[in-house]
There are 2 protein chains.
Amino acid sequence: MAVTARTYDASQYERPSVTVDVVIFTILDSELKVLLVKRKNWPCEGMWAIPGGFVDMNEGLEEAAYRELREETSVSGQDVYLEQLYTFGNPGRDPRTRVITVAYFALVGADKLHLPEGGLRAASDAAGVGWFSAYTPPLLAFDHAEILEYAITRLRYKLEYTAVGFQLLPERFTLRELQEAYETVLSEKLDKGNFRSKLRKSGAVEATDAYQETGGRPARLYRFRDDAVAEIKTRRLFP
Amino acid sequence: MAVTARTYDASQYERPSVTVDVVIFTILDSELKVLLVKRKNWPCEGMWAIPGGFVDMNEGLEEAAYRELREETSVSGQDVYLEQLYTFGNPGRDPRTRVITVAYFALVGADKLHLPEGGLRAASDAAGVGWFSAYTPPLLAFDHAEILEYAITRLRYKLEYTAVGFQLLPERFTLRELQEAYETVLSEKLDKGNFRSKLRKSGAVEATDAYQETGGRPARLYRFRDDAVAEIKTRRLFP
DNA sequence: GTCATTAGTGTCAAAGTTACACTTAGCAGT
DNA sequence: ACTGCTAAGTGTAACTTTGACACTAATGAC
């Protein structure tokens, strides 16, 4: 920070705007979905965009990201995984003025979503909200396609090395559901036996005594053991 | 970016300042060193700080980081590894005004350094420059201790999974020097045989026909094969 | 009962990791 | 010129992880 710069009277310089954008992922219908909002105003009106907003003067960045998340999905802080992604600041990425955006990505369990569809906030710049397939999104405003791509790459990395995938599922889930979530995000088939034995060794989940109906033999429901996260974070969890 | 926020007339809001800070690492005397500057002015005058400066209105973030790097070390873009680290933006991290800083980290080969000591820039906020042990830095200004810690963590990660360690060494190096660089950064002893066989399999280096004197048998000098980087980046290089 | 379907476990070969011992090449002292 | 020291550089064998695949178990439909 401002250490070796020319001596600086802060008030006399033009300053960029700073926003946070939050790439919100969930899994619906066995697909990785991202939440997008439709722009109402110039520029890029009518196009879809990653939700975001200006950082208030007395608000931390993460705080702002949580606020956006709450405004968009009514999901509270405890129920999501939120992580800073990257900061995008090319001059010219927004035609109005210099805007630097700190992008976050969030994982929300489908069960946590009281879908915002129809329940749009009042004083909004958005003309609509919806979940879109993350791999085949509509044409996006500004440089948001780049941000989304970056978020997907990071999500895949995270999933391979940490236990963060649980955040995409309801609190209790079958191992098949978990495996499908991983397969969806990684776009890759995993071996059932190997997936399960690795999970067992990691100690990341514990069995509940409930079962879920399926087409065949009922599947045991599992729960994520959050006290195990710390360990797991360090070693690779899945192939 | 600014999508769902209240309708927004940019001119009427107060805006934060945005800076870039660059954590510059090198290896000197078998130690991981970080470049720090001594602050001349309030606040935190007399304390050491990570070099940084304000982002100009028409300048990209990475561009600004390269500029800082050049100003501080006279090292050009080709000779360094530079990567965005994290954005720190707690209100109150700078007592003067709201400052959001985009932190970068840089790896510079010791041979590239025309040391800035004595050759300080003129119109500077800094009263001194120096290389410090990254693990036992002096008391740092603002939240720079946190930034440094974060940078070290990231550097270690990077080193384990990519071939980025070469950036810390001169163009030609012995395998022992390379191993020592890794050991220094990871703070961990590595096995000579395993280190070498892994390197051989990876194809990351090629032998030159020069040798370097040592206490015993002379050591072959190697060169980094930059055409191999692309592949290596994806798989884990060292234990 | 049989069949279809999905849950869940076990095995084994191939690949990778780790610890450690060995050979090689230069230098210095006698 | 031999001996011993130092550091370069290679090899091997036990162990662990991985990946492919086959097998058994529990339920509903017929």
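Just so we're on the same page: letters track the sequence lines, and every chain starts at 1.
- Every residue meeting the side-chain contact (heavy atoms from CB on, under 4.5 Å) condition with A:T208, not counting sequence neighbours, appears here in chain and number order: A:R172, A:A210, A:L221, A:R223.
- Rounded to an integer number of Å, the gap from B:F173 CZ to D:dA8 P is 14 Å.
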Report summary line: For nucleotides 25-30 of chain C, 5' to 3', base contacts (B), sugar-phosphate-only contacts (S) and non-contacts (-) with protein non-hydrogen atoms under 4.0 Å give BS----
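- Rounded to 10 degrees, the angle separating the terminal axes of the helix from C:dG1-D:dC30 to C:dT30-D:dA1 is 10°, with each axis obtained from five end pairs.
- In terms of the side-chain contact (heavy atoms from CB on, under 4.5 Å) criterion, residue partners of A:A141 (sequence neighbours excluded) are, by chain and number, A:R39, A:C44, A:M47, A:A49.
- Every residue meeting the side-chain contact (heavy atoms from CB on, under 4.5 Å) condition with A:S187, not counting sequence neighbours, appears here in chain and number order: A:Y135, A:R156.
- For the pair B:R200 CZ and D:dA8 C1', the computed distance is 12 Å after rounding to whole Å.
- The nearest pair of heavy atoms linking A:G128 to A:W48 is O-CZ3, 4.0 Å.
- The salt bridge (charged side-chain N to carboxylate O under 4.0 Å, His left out) test applied to B:E149 returns no partner, not counting sequence neighbours.
- The two residues B:I50 and B:H144 come nearest to each other via the heavy atoms N-ND1, 3.0 Å.
- Protein atom CG of B:L199 is 14 Å distant from nucleotide atom C1' of D:dT10, rounded to whole Å.
- For B:Q167, the side-chain hydrogen bond (donor to acceptor under 3.5 Å, both in side chains) criterion is met by no residue, not counting sequence neighbours.
- Atom CG in A:L186 sits about 13 Å away from atom P in D:dG19, given to the nearest Å.
- If you measure from atom CG of A:L178 to atom P of C:dA7, you get 13 Å, rounded to the nearest angstrom.
- Minimum atom distance to the side chain of B:A219 is reached by D:dA8, of the listed C:dG10, D:dA8, C:dA7.
- A:Y104 pairs by the ring-ring contact (aromatic ring centres under 6.0 Å, His included) definition with nothing, not counting sequence neighbours.
- The CZ atom of A:R196 sits 14 Å away from the C1' atom of D:dC23 (whole-angstrom rounding).
- Following rounding to the nearest Å, A:E180 (CD) and C:dA7 (C1') show an atom-to-atom distance of 13 Å.
- In this structure, the salt bridge (charged side-chain N to carboxylate O under 4.0 Å, His left out) partners of B:R154, at least two apart in sequence or on a different chain, are B:E83.
- Remark: A:F173 pairs with A:F166 by the ring-ring contact (aromatic ring centres under 6.0 Å, His included) rule, at least two apart or across chains.
- Contact annotation: B:R176 side-chain N/O to D:dA8 OP1/OP2 distance is under 4.0 Å.
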Enumerate the protein-to-nucleotides 12-16 of chain D contacts in which both atoms are nitrogen or oxygen and the separation is below 3.5 Å.
none

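- When the P atom of D:dG9 is taken as reference, atom CD of B:Q212 falls 11 Å away, rounded to whole Å.
- Taking side-chain N and O atoms only, B:K192 has no distance below 4.0 Å to OP1 or OP2 of D:dA8.
- B:A103 meets the side-chain contact (heavy atoms from CB on, under 4.5 Å) test with B:L85, B:F88, B:I147; sequence neighbours excluded.
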